[in-house]
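Order of the sequence lines sets the chain letters (A, B, ...), proteins ahead of strands, with each chain counted from 1.
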Amino acid sequence: MNHTRRQMLAFTAGAAGMAAFGFSALPALADADATQKAIDEFAAGATPAEGRISLTAPEIAENGNTVPISVEVESAMSGDDLCESVMILADGNPNPDVCTFRFSELSGAATATTRMRLAKTQNVIALARMKDGTVYMDRKEVKVTIGGCGG
Amino acid sequence: MKSMMMKSGLLAAAAVLALTAGVSADPVDEQLVIDGQEMITRAKAPEGHPFDEVLSGWLYREAETRKLEEDSFDNPGMLSVEEGEEIWNTVEGTAGKSCASCHDDAADTMAGIAANYPKWDPDAKRPINIELQINKCREENMGAEPYAFDKSGQKELTAYIKHQSLGDPVSVDLSQGEMQQWWERGKDVYYTRTGQLNLSCASCHEQNNGNYIRADHLSQGQVNGFPTYRLKTGLTSLHNRFRGCVRDTRAEIPKAFSDDLMALETYVTWRGTGLSVETPSVRQ
Amino acid sequence: MASKPRIKLPKKASAGEVITIKTLISHEMESGQRKDKDGNAIPRQIINKFTCAFEGATVFECDLDPAISANPFFEFTAKVNESGTFKFTWVDDDGSVYEAEQAIEVA
């Protein structure tokens, strides 16, 4: 482990840069494998594409215990144009799994909101699987602030 | 290269501190409306107050946290308020009574009441807050054991009772009994530096409100939203928060409802005169 | 579970309308990652599944992992074509099932 000071600073600042990496290269975190494995299992052979799904998450979370997140998938929600499910992952938590929403024609829209836990600053990843087998992905980095007071 | 890494880490930490030191942000200029009811989050300070204007802690929070308080359904603290309502209607003690047996529907009988607490308790010859008023009722009228601090539904019932005053402006009557002397004592507590960190309440909430302590945006330390739903710890009582603050200065922690903390509650409540009761507010 | 689940949906809607539903349930969502004062791991106990059905047909479901916050909150939509009753179900790790129902009138 021959880190120079510059490398070390780059490493500590790395979290801020991750969002720019794009979908093809997941950051080399300790649990990146688990995150990639979950993505692969959900995608079932498909390559996650950009578009159709949008993830809304705060840029800065005041407390990692309760972070509101929303997903919205463009879909007619009828016939073949149906979003079947959305999986949420967090690549810096002890376990990347957060939740999986399952929609139906009766959902009317493929949109959902919940509140999640983030152990530290990290990427929240949302994947949508459509009835035709295509998979879409969006990702947001959420900075988790450390309070001044443990109070 | 472990030592090198540690040094680098320290340098990075120092850089972060240098960046955040002196950073301040104004409280937001927004209106808090809960289910269509406008809250007073800015009020003209009472005479003798160090500020011109008193500001609710809501104005210091991030947008996502503020939003949680704006809708009584989205506010997780309302689950506790509903628990409090069940307790209100539950018979306990040897007298076979619930709160409702004497006080009927809290929406009528408790409306606006908590906005005027703490009050003078002529029997105990000290200020009384909602938690102690509940215990007094339990012992004297219900034949029930008083709640231990933060236990058995004390927070939830307190939140339910205070929630009946949602929107009402805070006002303590210092002319009752010896309230003025307790206010003076509370003021002493507020300005006395304690602990290894040598901090007073005023160090953070008077001299540095609006500044950041690490990543925390310091507010005026108002108490109009207690018991509050903290994203960190869930429903949190005022005396729990007082004790948490004192602990963080690394001082000996006074007991909940002790004379010092009752005096402090009296004084700090006065410092928020005119702000709406926001119980259960949502904070970080 | 300390208090009843909370449900928010409109009492009335027009046929074919997509309505918004909100649910909130009181639950610690013990993640299994925490330790008690003696350093022993606190076992995981979470709500692991939530279901919303309308007259027996599934509208929306969610599988929950320990990264969902305490007091799980969901907001989602439903397309209503006729009057009927929504049924909401939460399944706890310990096997407990919490249920709530709410009717809607569709004109």
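Note that CG of A:Asp97 is 11.5 Å distant from CG of C:Leu64, once rounded to the nearest 0.5 Å. Interatomic distance, A:Met116 CE to C:Met29 CE, rounded to the nearest 0.5 Å: 11.5 Å. Taking CZ from A:Arg102 and CG from C:Asp63, the interatomic distance works out to 4.0 Å, rounded to the nearest 0.5 Å. The line from CD of A:Glu105 to CG of C:Asn81 is 10.0 Å long, rounded to the nearest 0.5 Å.
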Applying side chain to side chain contact (heavy atoms under 4.5 Å, CB included) to C:Lys79 and A:Met77, what does each step give before you reach the verdict?
CA-CA 10 Å; C:Lys79 188 175 182 180; A:Met77 293 310 279; over 6 Å; no
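Contacts between residues 65-74 of chain C and chain A, defined by a heavy-atom separation under 4.5 Å, are made by C:Asp65, C:Pro66, C:Ala67, C:Ile68, C:Ser69, C:Ala70, C:Phe73, C:Phe74. Taking 4.5 Å as the heavy-atom cut-off, the residues of residues 32-49 of chain C that approach chain A are C:Gln33, ordered by number. Residues of residues 7-23 of chain C that come closer than 4.5 Å to chain A, counting heavy atoms only, are C:Val18, ordered by residue number. Among residues 50-60 of chain C, the residues having any heavy atom closer than 4.5 Å to a heavy atom of chain A are, in sequence order, C:Ala57, C:Thr58, C:Val59, C:Phe60.
When heavy atoms are compared at a cutoff of 4.5 Å, A:Asn65 approaches chain C solely by way of its backbone atoms N, CA, C and O. Contact annotation for A:Val67: only backbone heavy atoms (N, CA, C, O) come within less than 4.5 Å of a heavy atom of chain C.
Chosen from A:Val86, A:Thr66, A:Ile69, A:Ile88, the residue pairing most often with chain C at heavy-atom distances under 4.5 Å is A:Thr66.
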